[in-house]
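See below for the structure under consideration.
These numbers come from the heavy atoms of this one structure, side chains and all, not from hydrogens, waters or symmetry mates. Below, chains carry the letters A, B, ... as their sequence lines are ordered, and counting in each starts from 1.
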Amino acid sequence: MISEFSISPQKFKGSLNLSLTINSGQTSQPPWKKGNFYFQELIMIDDAPCLVKIRHDDADPEGDLEIIAESPENMTEKTIETSIREIFDLDHDLNRFYQFLGDDPKLAPTIDFCQGMRLFKAHDPFECIISSISSANCSIIRWTRSIEDIKRKWGDGYRFSSGDFYTFPSAEVLSNVPEHDLEEMQRAEDNLPDDFVFERNLQACGVGYRAKYIIKAASIVQSEINLQKLSKMKYEKAVDTILELPGVGPKVADCILLYGFGMGEAFPVDVWIKRIIEDLYFPGEELKPQTVREFGMERYGKWAGYVQLYLFHYARKSGLLESLRKK
DNA sequence: CAACAGGCGCTAG
DNA sequence: CTAGCGCCTGTT
C-alpha cells in the first residue's frame, strides 16, 4: 500500500521548520534520513511497519507538509496523519508559545533563532529511553550512531525502494544482547576463524560503560515497567518510576518524559542549560542543577520543555554558548 | 602526547 | 545529605 497526501499549514497552529526540528539533536531518536527531498523513517503504526517520507519547504509558511507512506499492510491516511501530528508535535500551538516567550524579555530573543522548531517526539518510547541513556555524558553524533548501530544489528529489517530500514529492537531482545566482546566470545560457537571480529555486542556500538545500564534497563522495562501506564501517570510519579532505571538520573529522566511521553512540564537540565539559566537570570551566581530544574519548572510551567529546547538552540546560534564555554 | 568534556553511579565524609 | 571520583569516547 502506498498513500500520498498532504497536511495544509492551516491544519496546525503556527509555523513549522521541519529540518530544524529533525536535526536539533533531541534525544527521542536519531534524525530521519534525507533522500530525494524527503526525510524518511520506518515507524510502527498499529503494530504494522510503515515507511514515512515527509517533506516541507521551510521557507514557505503557506506550503503543505507533503507525505508519502509505504506499508505492506493497509492503513488509512487518518491513522498515518495522527502519528505524524504526534511525532512533529503539530497540535502544539506555536503562536501561543511565542506570545509566552515574548512576555519574558530573557526569552523573547529566542524566537527569531528558533522559528518553526517543534518537539521531535519519539515514535517508539522504548527507543527514546535507550537513546536518552546513551546520550548521557556523550556527544550527539556519538549516541546517534550508537542507536543506528543497535537498530541495524538487532531490529527487524524491511526493504523499500529507497533503502533498507530497521525497527528499534524490543526490550526483550535488547535485554538478551551480549554486553562486550568477551561475553560475545563466550556465547559463540568454538569453530570461529582466528581473525573473527566480534561486533554483535552492545559495547561494539560505541556506548562504552553505558552498555550494562542499557541491558539492565531493557530487562527492567520488559519485566517491571508498563510503558502504557507510564504515559498516563502524572509527571511526578512518572519521574520516580523512570528514575529506577540504571543510567537514568534527573536529566535523562526529564528527556525521556519530555520526548518519549510528551510531558511538556519536564525541564531537562544539562550543564549548558545550567550555564544559560545562570547567565540570564542569576549572573555571577552558581546554582545546583536541581535548583535550576525547580526554577525552570516553576517559571515556565507547561512550556518548560519547549523553553529548554529554544534556550539551547538560541544559545548555540547566537554565540552565547561559545561565551559560556569554560567559565 | 596529555588534558578535558559530558551525566550518572558509587563511595566517603 | 553532599562532594568528588571514575566510567568511555571524542575533541582540543
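Between the base of B:dG7 and the side chain of A:Tyr209 there is a donor-acceptor pair shorter than 3.5 Å.
Counting any heavy atom pair closer than 4.0 Å across all strands shown, A:Ile140 reaches no nucleic acid atom. At the heavy-atom level, A:Pro250 lies under 4.0 Å from the strands shown only through sugar-phosphate atoms. As judged by a 4.0 angstrom heavy-atom cut-off over every strand, A:Val252 is placed among residues touching the sugar-phosphate backbone only.
Rounded to whole Å, atom P of B:dG9 lies 13 Å from atom CD1 of A:Ile214. Look at CD1 on A:Ile141: it is 9 Å from P on C:dG10, rounded to the nearest Å. Atoms CG (A:Leu324) and P (B:dA5) sit 14 Å apart, rounded to a whole Å. With rounding to whole Å, A:Arg325 atom CZ is found 10 Å from B:dA5 atom P. Across the protein-nucleic acid pair, A:Glu322 atom CD and B:dA5 atom P stand 14 Å apart, rounded to whole Å. For the pair A:Trp143 CH2 and B:dC8 P, the computed distance is 15 Å after rounding to whole Å. Across the protein-nucleic acid pair, A:Lys274 atom NZ and B:dA5 atom P stand 13 Å apart, rounded to whole Å. To the nearest angstrom, P of C:dG4 lies 13 Å from NZ of A:Lys288.
Closest to the side chain of A:Arg210, out of B:dG7, C:dC8, C:dG10, is C:dC8. Listed candidates were B:dG7, C:dC8, C:dG10. Nearest to the side chain of A:Arg145 is C:dG10. Looking at the side chain of A:Arg142, the nearest of the listed nucleotides C:dT9, C:dC7, B:dG9 is C:dT9.
Salt-bridge formation is not detected for the pair A:Asp240/A:Lys237: no Lys NZ or Arg NE/NH1/NH2 atom is positioned less than 4.0 Å from an Asp or Glu carboxylate oxygen.
Donor-acceptor pairing under 3.5 Å is lacking for the side chains of A:Thr27 and A:Ser131. With hydrogens and angles left out, the side-chain atoms of A:Glu73 and A:Ser71 include no donor and acceptor closer than 3.5 Å. Side-chain atoms of A:Ser3 and A:Glu77 include no donor-acceptor pair closer than 3.5 Å.
Geometrically, A:Lys34 engages A:Phe39 in a cation-pi contact defined by less than 6.0 Å to the ring centre and at most 45° from the axis.
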